[in-house]
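Small disclaimer: the values here were computed from a predicted structure and weren't measured. A note on names: the letters A, B, ... follow the listed sequences, proteins ahead of strands, and every chain is numbered from 1.
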Amino acid sequence: MESRYNPTAIEEKWQKTWAEQGLDKTPTEKDKPKFYALSMFPYPSGNLHMGHVRNYTITDVIARVYRMQGYRVLHPMGWDAFGLPAENAAIKKGIHPAKWTYSNIAQMRSELKRLGLSYDWDCELATCSPDYYKWTQWIFLQFFQAGLAYQKEAAVNWDPVDQTVLANEQVDSEGRSWRSGAIVEKKKLRQWFLKITDYAEQLLQDLDKLPGWPDRVKSMQANWIGKSVGAYLEFPIVGMDEKIGVFTTRPDTVFGVSYIVLAPEHPLTPKVTTSDNKEKIETFIKEVASQSELERTAEDKPKRGIPTGGTAINPFTGEEIPIWIADYVLYEYGTGAVMGVPAHDVRDFKFATEQNLPIKVVITPAESAEEQITEAYTEPGIMINSGDFNGMNSTEGKQAVIDYAEKQGFGKARIQYRLRDWLISRQRYWGAPIPVIHCPKCGIVPVPESELPVVLPENVEFSGRGPSPLAQLGEWVNVPCPSCGTAAKRETDTMDTFIDSSWYYLRFTDAKNEKQVFDSGKTNDWMPVDQYVGGIEHAILHLLYSRFFTKVLRDCKLLNFDEPFNRLLTQGMVQGLTYTNPKKSGNAKYIPSALVNPNDPKDPETGEPLEISYQTMSKSKYNGVAPEDVINKYGADTARMFILFKAPPEKDLEWDDADVEGQFRFLNRVWSLITEYSETTPAKTQKGELSKAEKDLRRAIHTAIDEISKDLEGDYQLNTAVSEMMKLSNALKDATCKNSAVYTEGIETLILLLAPFAPHIAEELWQMIGNQESVHKQTWPKLDESALEVDEITLVIQINGKTRGTIQAPANLDKQGLEKYARESDAAKRYLEEGKEPKKVIVVPGKLVNFVI
RNA sequence: GCCCUUGUAGCCCAAUCGGAAAGAGGCGCUUCGCUUAGAACGAAGAGGUUGCUGGUUCGACUCCAGUCAGGGGCACCA
């Protein structure tokens with residue numbers, strides 16, 4: 001008998017045994033309800049970090065609990081294996097991206113296995129493998145055939161560091177690349193796009209079908225989609241046949257338009273410009289073009305604009321109004337032109353005041369009707385100076401104006417989204433080639449399905465300069481057109497890696513299928529993912545793209561559901577103790593903890609005092625803790641328990657060695673509790689009535705079952721679940737009936753409850769108390785409601801809501817009985833004057849009786 | 001500016017439908033036991049204006065309004 005808890009030995013032993021037994025294989029029989037538990041798959045960067053450990057441990061607990069609760073569980077793992085770091089490694093170190101990637105995968109796979117995660121490794125996939133990207137390309141062709149993939153020339157985000165273009169979602173609000181952190185540049189290039197905007201409304205509406213998603217994520221997506229409801233109105237240009245179309249959310253203010261503003265890049269700009277303004281306008285356009293997006297949209301910047309000399313007509317009033325151009329009007333949004341209503345729009349007011357343009361009030365608050373205003377009035381009100389619409393409530397006026405415009409043929413209702421189409425082409429090597437051929441005669445020709453995959457050539461030079469390595473490979477690029485045989489060229493751009501990850505969760509349901517992208521029967525059976533777990537950083541990116549893919553593939557009749565992820569848990573970051581020297585700047589301010597005395601933190605170089613904080617673990621901050629080190633010292637079970645216990649899953653978690661130690665101590669206490677038990681011979685069956693001690697212990701056992709089961713429903717309060725186990729463990733230790741069958745029930749229950757959280761020690765202890773079959777094949781402990789019952793309750797006696805005493809009362813009394821009982825208490829008698837009835841009596845069964853006097 | 005989210009003991013975190021005089025669990029701290037001593041282990045204990053103000057209620061950590069502070073998203077988006 002092993003007397004001391006030795007995690008390394010038992011973890012290795014059980015991992016080996018479980019693998020041999022195929023314990024974690026996905027069940028094939030359909031007689032149980034399904035449960036699909038999924039973690040966001042990692043990029044194989046080299047080593048596992050604590051963020052991964054947290055993510056995968058949470059999902060693993062959920063998967064294991066559902067197995068014990070009688071579900072057939074799919075719990076797969078794979079690799080988001082295309083991407084720039086592999087290519088950068090090739091440039092720097094001369095290692096081929098494939099070699100670098102697969103060796104990282106091998107390393108990380110072995111680290112995952114040491115954590116005791118219950119994956120079915122038979123479903124493993126890597127997006128960089130031709131077996132997988134064949135189908136990525138196939139899906140691209142479905143999009144292409146549905147008219148959802150197209151090429152266009154556009155001003156796109158160019159990352160000067162990674163030497164490739166980026167999608168809008170991949171640039172943050174400061175204008176930086178999500179990956180390289182470089183400020184992106186605008187470049188005009190011909191690129192591939194996916195028409196995500198066709199699905200904008202569905203992507204927005206269907207957020208309501210996701211009650212199991214955090215509000216935060218849903219609101220971020222809704223913000224990103226950015227729906228606004230309004231009108232499209234056309235203003236004829238004086239002396240020309242053309243019209244200027246504008247989008248407005250305030251058609252009710254159209255009588256207050258005193259000018260029109262075009263974006264400088266607007267194609268009508270040169271046309272409306274009069275000859276005497278030509279030079280000034282051209283200079284202005286150049287100035288604006290030289291500014292970065294960031295400069296141009298900076299807040300508190302004066303609005304710059306100049307008149308073109310052109311004039312338009314307000315079709316509602318017949319008035320002639322000047323046409324201007326200004327830098328605050330963005331060509332990419334709406335129609336690239338706005339109507340200026342200074343009286344009722346903050347920006348227009350500022351612009352008109354600065355440029356001395358007329359301000360005409362057309363909406364007024366119900367009470368006062370001032371025509372002189374000092375700031376824009378943007379609230380609803382009563383329409384004035386608006387012809388036939390005068391006196392109308394402006395909210396109703398919106399529709400009335402739209403109806404009128406539609407009847408007259410110069411406008412209509414319109415919904416505008418902020419969301420833009422998804423730019424998916426990348427000028428890099430390590431991605432799935434876009435499977436099309438450019439033929440001088442036929443144009444863009446898709447690669448026939450039978451020729452998929454378009455395989456990445458292997459003998460490639462990585463210089464890091466110039467065009468994509470693929471574009472330099474003549475023998476690969478030059479091919480005959482599949483349609484007419486003319487000499488043609490392959491597309492040399494590869495796909496955004498977010499395409500790879502937009503459908504991997506579907507492939508897991510049929511990962512080895514060589515004939516199809518997946519068997520819809522299998523996929524529709526397992527999908528949607530019941531619980532998805534991953535980082536908040538994908539709130540928009542991956543999660544929005546995946547929702548889009550699901551809807552498109554549903555419309556291709558491959559899927560029969562609308563949303564891919566039923567419930568979403570976004571786990572918090574893992575933060576490490578960080579020492580910073582406030583006198584230093586940049587990365588130099590971070591001081592490695594190995595060089596710091598924790599009791600007196602000083603800069604080892606300068607002796608300056610250091611600041612202590614918790615920040616997300618990263619190499620550059622020297623605040624990381626390697627999972628390997630923790631496992632070597634305490635074992636995977638302790639690492640798992642600590643991570644689950646220290647904070648609720650969605651909150652940030654501060655890594656603290658002392659708390660890790662605390663979890664190790666807890667597992668040690670459980671260990672000694674159960675080794676002691678295993679050396680005794682307690683009663684197997686209960687004889688006769690339970691004693692008070694037995695009843696109390698049994699209540700503790702079933703309270704733990706009840707609480708932990710509730711903690712695992714829906715919102716996964718794994719931290720409190722762990723604390724309930726500690727309570728049960730404490731109750732068992734203090735129990736005075738250790739040779740009773742109830743004690744045996746308690747020991748068994750504790751091991752079963754612990755099994756999903758700390759799978760190795762639970763298995764070891766389960767076998768130690770004489771079981772043969774794996775603890776992970778047992779069913780989840782069943783709650784016996786009757787065990788929670790008590791004979792007597794403590795009843796609180798309140799007077800006017802204040803506690804004035806407590807009494808013991810039989811548990812089975814109804815409201816009237818409780819009140820009667822309470823009236824006879826000393827506390828009540830003291831306060832209730834004889835013969836005087838209280839105004840009101842409130843009885844909360846099981847809790848209190850409150851007399852209001 | 002708009003939206004989401006969080007404020008409870010020195011620290012991390014609990015607290016069911018609104019129900020005791022706020023406490024499950026862990027860390028840390030204090031005292032005691034064990035020990036040559038320490039660690040480990042065991043036992044006991046201290047610690048609070050639930051960010052603030054007001055409201056609803058018999059009763060508010062919990063609901064409402066406002067406000068302050070932290071975290072996050074969107075933003076000259078017409």
Give none if [N] has no partner; otherwise give the nucleotide forming a Watson-Crick or G-U wobble pair with it, both distances under 3.5 Å.
| N | answer |
| --- | --- |
| B:G18 | none |
| B:G7 | B:C68 |
| B:U62 | none |
| B:C29 | B:G45 |
| B:A40 | none |
| B:C74 | B:G1 |

Would you give me the side-chain donor-acceptor pairs under 3.5 Å for residues 641-648 of chain A, sequence neighbours excluded?
from: A:Lys646; atom 1: NZ; to: A:Asp659; atom 2: OD2; distance (Å): 2.4

Ignoring the backbone of [X], work out which of [options] is nearest its side chain.
| X | options | result |
| --- | --- | --- |
| A:Lys651 | B:C13, B:C77, B:C4 | B:C13 |
| A:Trp224 | B:C4, B:C27, B:C74 | B:C74 |
| A:Val844 | B:C58, B:C27, B:G19 | B:G19 |
| A:Thr803 | B:C58, B:A21, B:G19 | B:A21 |
| A:Thr806 | B:A78, B:A20, B:G26 | B:A20 |
| A:Val852 | B:C77, B:C58, B:C27 | B:C58 |
| A:Ser228 | B:C58, B:G42, B:A78 | B:A78 |

Taking the [atom1] atom of each, how far is [N] from [M], in whole Å?
| N | M | atom1 | answer |
| --- | --- | --- | --- |
| B:A15 | B:G1 | C1' | 37 Å |
| B:C64 | B:C4 | P | 12 Å |
| B:G47 | B:U30 | P | 16 Å |
| B:U50 | B:A22 | P | 9 Å |
| B:C52 | B:C11 | P | 15 Å |
| B:G28 | B:U16 | P | 28 Å |
| B:G48 | B:G7 | C1' | 15 Å |
| B:G26 | B:U62 | P | 28 Å |

Checking all strands, does [X] fall into the base, sugar-phosphate, or nothing category for heavy-atom contacts under 4.0 angstrom?
| X | answer |
| --- | --- |
| A:Thr335 | nothing |
| A:Thr248 | sugar-phosphate |
| A:Lys218 | nothing |
| A:Pro648 | sugar-phosphate |
| A:Asp348 | nothing |

Provide, to the nearest angstrom, the distance between the [atom1] atom belonging to [X] and the [atom2] atom belonging to [N].
| X | N | atom1 | atom2 | answer |
| --- | --- | --- | --- | --- |
| A:Tyr634 | B:A40 | OH | P | 11 Å |
| A:Tyr614 | B:G10 | OH | C1' | 13 Å |
| A:Gln221 | B:G72 | CD | P | 19 Å |
| A:Gln663 | B:C12 | CD | C1' | 12 Å |
| A:Ile225 | B:C2 | CD1 | P | 22 Å |
| A:Asn223 | B:U5 | CG | P | 12 Å |
| A:Lys839 | B:G59 | NZ | C1' | 15 Å |
| A:Asn850 | B:A20 | CG | P | 11 Å |

Pull up the glycosidic torsion of B:C17 and say syn or anti, syn being anything within 90° of 0.
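Glycosidic conformation of B:C17: syn.
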Restricting to side-chain contact (heavy atoms from CB on, under 4.5 Å), what partner residues turn up for [X], sequence neighbours left out?
| X | answer |
| --- | --- |
| A:Ser258 | A:Pro342, A:Pro358 |
| A:Asp345 | A:Arg347, A:Asp348 |
| A:Glu724 | A:Glu707, A:Ile708, A:Asp711, A:Lys727 |

Would you please indicate yes or no on a ring centroid separation below 6.0 angstrom for A:Trp324 and A:Phe351?
yes
Does the separation of the ring centres of A:Phe235 and A:Phe410 fall below 6.0 angstrom?
no
Do A:Arg567 and A:Trp213 form a cation-pi contact, if we require the NZ or CZ to be under 6.0 Å from the six-membered ring centre and within 45 degrees of the ring's axis?
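Output no; distance or angle outside limits.
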Can you work out whether A:Ala647 or A:Asp215 has the more 5'-proximal nearest nucleotide on RNA chain B?
A:Asp215
First of A:Val796 and A:Glu707 reached from the 5' end of RNA chain B, by closest nucleotide:
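Mapping each residue to its closest nucleotide by heavy atoms, the 5'-most match is A:Glu707.
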Is any side-chain N or O of A:Arg418 closer than 4.0 Å to OP1 or OP2 of B:C74?
no
N or O in side chain of A:Arg804 less than 4.0 angstrom from B:A21 OP1/OP2:
no
Donor-acceptor pair between A:Arg665 and A:Gln663 side chains, under 3.5 angstrom
no
Checking A:Arg250 now: which residues fulfil side-chain hydrogen bond (donor to acceptor under 3.5 Å, both in side chains) with it, not counting sequence neighbours?
A:Asp252
Expected rows: protein N/O vs nucleotides 22-25 of chain B N/O, under 3.5 Å:
from: B:A24; atom 1: O2'; to: A:Lys727; atom 2: NZ; distance (Å): 2.9
from: B:A24; atom 1: N3; to: A:Ser723; atom 2: OG; distance (Å): 3.0

Stepwise ring pair (Phe, Tyr, Trp, His ring centres under 6.0 Å) check, A:Tyr634 with A:Phe664:
CA-CA 7 Å; A:Tyr634 299 105; A:Phe664 187 62; 5.3 Å; yes
Hey, is NZ on A:Lys633 packed in by over 12 heavy atoms from elsewhere, all under 6.0 Å?
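No, not enclosed.
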Could you check whether the side chain of A:Gln798 and the base of B:G19 have a donor-acceptor pair of N or O atoms closer than 3.5 Å, going by distance alone?
yes
